[in-house]
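Below: the structure, in C-alpha cells.
Computed from a prediction, not measured in an experiment: that's the story for all the values here.
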Amino acid sequence: MYQVTLEPLVLLYSTSYIIQLSVQQDFIFYRLCTHHYTEEVCKVNYQTDVEEEVRWVQKEAVQYVMIMSAITSLIATFTAQFLGAALDRYSQKTVMMVPFLGAVGLHVVCVVVAAVPFLPLSFLYVGASLAGLSGGYAVFKSSISSYAVRSVEESGRTSRLGVMEGMLLLGSALGPLLLQLCLSFITDISHQYLFLGSECVMVISTLYLILLLPDLPAPIRLPTREFSSALCVTFRKRSGGRRTAILLLLLADFFIAIVYAAEFDLLYLYMQDRLSFTLKEYSRYLVIKNLVNGASLLCVLPGLRKLLGLSDLLLGVLGGVSRAAAFTLLALNTSPYLVFMVPVLDMFGQFLFVVLRSCLVSLVDPEEQGRQLTLTASLAQLSLLVGSLVFDNLYSALLNFHHSGFCFLVAAGFMVAATCILAFTHCHITQSNTEQETRPLFS
C-alpha cells in the first residue's frame with residue numbers, strides 16, 4: 001500500500017518556489033526596462049550600444065529584489081519564533097501549513113502585479129509581507145526538518161535530512177525544467193501566466209499537506225514554565241562544551257545562508273550580464289545544477305557513509321571545499337559553456353549544510369528540537385537579509401568596474417570560514433568531554 005510521506009510535499013513546494021523566484025527577477029527587470037526604454041532596447045539588451053541602459057535597469061532590479069528580501073526576512077524572523085515554539089508543543093502539520101498559505105498569498109500578489117500594467121512594482125512588497133507573516137522559508141525548512149528528524153532514530157538523522165535536502169534540490173531542478181519547456185513551446189507567454197502556473201503547483205502542495213499528509217503524534221506536553229524561548233534553548237548551560245558548540249555551529253550556518261543570498265538575488269542577473277543568458281538558458285543551468293546536487297544527497301551521501309564509512313565531519317569538510325571551488329569558478333569564468341562545470345564542482349556542496357543541521361539537532365533535547373531548528377532557520381533568514389544587503393550593494397558597485405563576478409569570490413570565502421568552524425567545533429567537543437553527560441557531535 002502507498003504510504004503518504006513528506007517527500008512529495010517538499011518536491012512540490014521547492015518546484016513552485018524556484019519558478020516564482022526566477023520569474024520574479026525576470027519580471028522586475030522587464031517591467032523596469034519597458035517603462036523606461038523602448039521594447040527594442042529591452043529585447044536586444046546584450047548589445048554594446050545599449051549597455052549603459054541595461055546596467056541601470058540591472059541596478060534598479062537588484063534594489064527591488066533586495067527590499068523584498070529584507071521585508072520578508074525581518075517579518076519572518078519575528079513570527080518564526082512563535083511558530084517554532086508551536087512546533088514543540090502542538091500539531092506539526094498545523095504549523096507546517098502556515099508558510100504554504102503565505103506562499104500562495106505571495107503568488108496571488110505577483111499574478112495581480114504582472115497582469116495589471118499600471119500597478120507599481122512596489123506593490124510586490126505586499127506579497128513579501130505576506131510571506132514574512134507566515135514565517136516564510138525559515139518556518140518551512142524548520143517544520144519539515146522537525147517532522148523528518150522526529151520520524152527516525154538518532155542514527156538516521158543525517159541521512160533523513162539529506163533526503164529532505166535532496167528533494168528540495170530535485171524540486172529546484174524540476175521547476176526550471178518546467179519553466180524551460182514552457183518558454184520553448186510558448187515563446188511569448190506573459191509573466192502573469194508563469195506566476196499562475198507556479199501558484200497552481202503551490203496550491204496542489206498545500207492540498208497534499210492538508211488532506212493527505214499524516215500528522216505526527218503530539219509531543220509530550222511539558223508545563224508551561226519549562227517552555228523557554230528559542231534563545232534560552234540556545235544559550236542555556238550544557239555539559240561537555242555543547243553550548244559553545246551550538247553557538248559555533250549557528251555561526252557557521254549563518255555564513256552558509258549568507259551565501260544563498262548571492263545565488264537567490266544575483267545569479268540570474270549576473271549570468272544575464274556576464275554570459276548573456278536568457279531566462280531559458282538560466283533555467284537550463286539550474287536544472288543541471290540542482291539535479292546534480294539532489295542526486296548527490298539522495299545517492300552519493302548515503303553511499304559514502306555506508307560503503308566508505310565516512311564520518312559526518314569528513315562529509316561536511318568535503319561539502320565546504322566543493323562549494324568554495326564552485327563559487328571560485330563561477331566568479332572567474334567568462335565562458336557560457338565552461339559555466340556548466342560549476343555544478344560538477346558543487347556536487348558535494350550541500351553536504352556541509354546537512355551535516356551542520358544534523359549536528360545542531362543532536363546537541364539539544366528532543367523537546368527542544370522544534371525551537372532550535374526554528375531559531376536556526378530564523379538566523380538563516382536574517383543572514384539572507386545581511387547577504388542581500390552585502391552582495392546586492394557590492395554587485396551594483398562592481399558593475400561599474402566590470403568585475404561583478406568578485407561577489408562570488410566573497411561567497412567562496414564565507415564557505416571556507418564555515419568549513420573551518422565545523423572542524424574547530426569538532427576539536428572543541430573532543431577536548432571538552434568530561435565525566436559528565438556528553439553527546440558525540442558526529443555519528
Side-chain angles (χ1 to χ4, degrees), residues 16 18-72 106-129 131 175-176 178-199 264-286 336 388 392-393 395-400 402 404:
S16 174
I18 197 68
I19 292 176
Q20 188 273 333
L21 197 64
S22 300
V23 175
Q24 175 183 288
Q25 292 184 35
D26 189 68
F27 167 67
I28 291 174
F29 179 91
Y30 182 78
R31 173 67 68 85
L32 283 170
C33 188
T34 53
H35 274 203
H36 292 84
Y37 302 106
T38 64
E39 189 79 21
E40 289 72 20
V41 169
C42 298
K43 287 183 178 180
V44 297
N45 55 26
Y46 309 116
Q47 296 184 7
T48 55
D49 56 343
V50 295
E51 186 176 347
E52 290 302 320
E53 290 86 346
V54 172
R55 185 169 289 116
W56 178 86
V57 175
Q58 281 220 337
K59 290 180 179 179
E60 290 297 308
V62 166
Q63 293 302 309
Y64 275 100
V65 172
M66 181 179 66
I67 294 174
M68 288 187 69
S69 297
I71 291 172
T72 300
L106 171 61
H107 276 86
V108 171
V109 172
C110 289
V111 171
V112 172
V113 175
V116 184
F118 61 82
L119 278 180
L121 283 174
S122 56
F123 197 74
L124 291 172
Y125 301 155
V126 176
S129 300
L178 294 174
L179 185 58
Q180 184 181 359
L181 290 174
C182 186
L183 293 172
S184 298
F185 289 103
I186 312 174
T187 54
D188 293 327
I189 189 170
S190 300
H191 287 96
Q192 64 260 33
Y193 296 113
L194 295 175
F195 281 128
L196 187 61
S198 178
E199 182 180 6
F264 290 161
D265 291 3
L266 301 176
L267 188 56
Y268 172 61
L269 295 174
Y270 170 71
M271 288 186 164
Q272 185 187 55
D273 174 65
R274 185 76 172 267
L275 306 175
S276 299
F277 271 27
T278 63
L279 181 58
K280 180 180 175 181
E281 292 164 332
Y282 173 70
S283 298
R284 185 183 303 124
Y285 170 85
L286 283 185
S388 292
D392 293 356
N393 285 293
Y395 181 83
S396 297
L398 291 174
L399 270 176
N400 296 324
H402 304 283
S404 55

Please say whether more than 12 non-hydrogen atoms of neighbouring residues, nucleotides or ligands are located less than 6.0 Å from OH in Tyr193. no
Any Leu267 side-chain heavy atom under 4.5 Å of Gln25 side chain: no
Could you check whether any side-chain heavy atom of Gln63 comes within less than 4.5 Å of a side-chain heavy atom of Asn393, counting everything from C-beta outward? yes
Could you tell me which non-hydrogen atom of Thr72 sits nearest to which non-hydrogen atom of Ala128, and how far apart they are? OG1-O, 3.1 Å
In Å and rounded to the nearest 0.5 Å, what is the CG to CZ distance from Leu183 to Arg284? 11.0 Å
What's the separation between atom CD in Gln180 and atom CG in Leu286, rounded to the nearest 0.5 Å? 10.0 Å
For Ser283 and Pro176, the nearest pair of non-hydrogen atoms, with its separation, is O-CB, 3.2 Å
Phe27 and Leu121: side chain to side chain contact (heavy atoms under 4.5 Å, CB included), yes or no, with the steps? CA-CA 10 Å; Phe27 167 67; Leu121 283 174; 3.6 Å; yes
Separation between OH (Tyr270) and OH (Tyr282), nearest 0.5 Å, reads 13.0 Å
Which pair of non-hydrogen atoms, one from Pro120 and one from Val113, has the smallest distance, and what is that distance? O-CG1, 4.2 Å
Between atom CG of Leu124 and atom CD1 of Ile67, what is the distance when rounded to the nearest 0.5 Å? 11.0 Å
Provide the closest heavy-atom pair for His107 versus Ser198 in the form atom of the first, atom of the second, distance. NE2-OG, 2.7 Å
Sub-3.5 Å donor-acceptor pair from the side chain of Glu281 to the main-chain atoms of Thr278, do we have one? yes
Closest contact, heavy atoms only, Ser129 versus Ile71: OG-CG2, 3.5 Å
dist Ser16:OG -> Phe195:CZ (nearest 0.5 Å) comes out at 10.5 Å
Spatial distance of atom CG (Leu106) from atom CD (Gln24) [nearest 0.5 Å]: 6.5 Å
Test side chain to side chain contact (heavy atoms under 4.5 Å, CB included) applied to Leu32 and Tyr64, step by step: CA-CA 10 Å; Leu32 283 170; Tyr64 275 100; 3.9 Å; yes
Using a 3.5 Å distance criterion without hydrogens, assess whether the side chain of Thr34 forms a donor-acceptor pair with backbone atoms of Arg31. yes
Shortest non-hydrogen separation from Ile18 to Gly175 and the atoms involved: CG2-CA, 3.8 Å
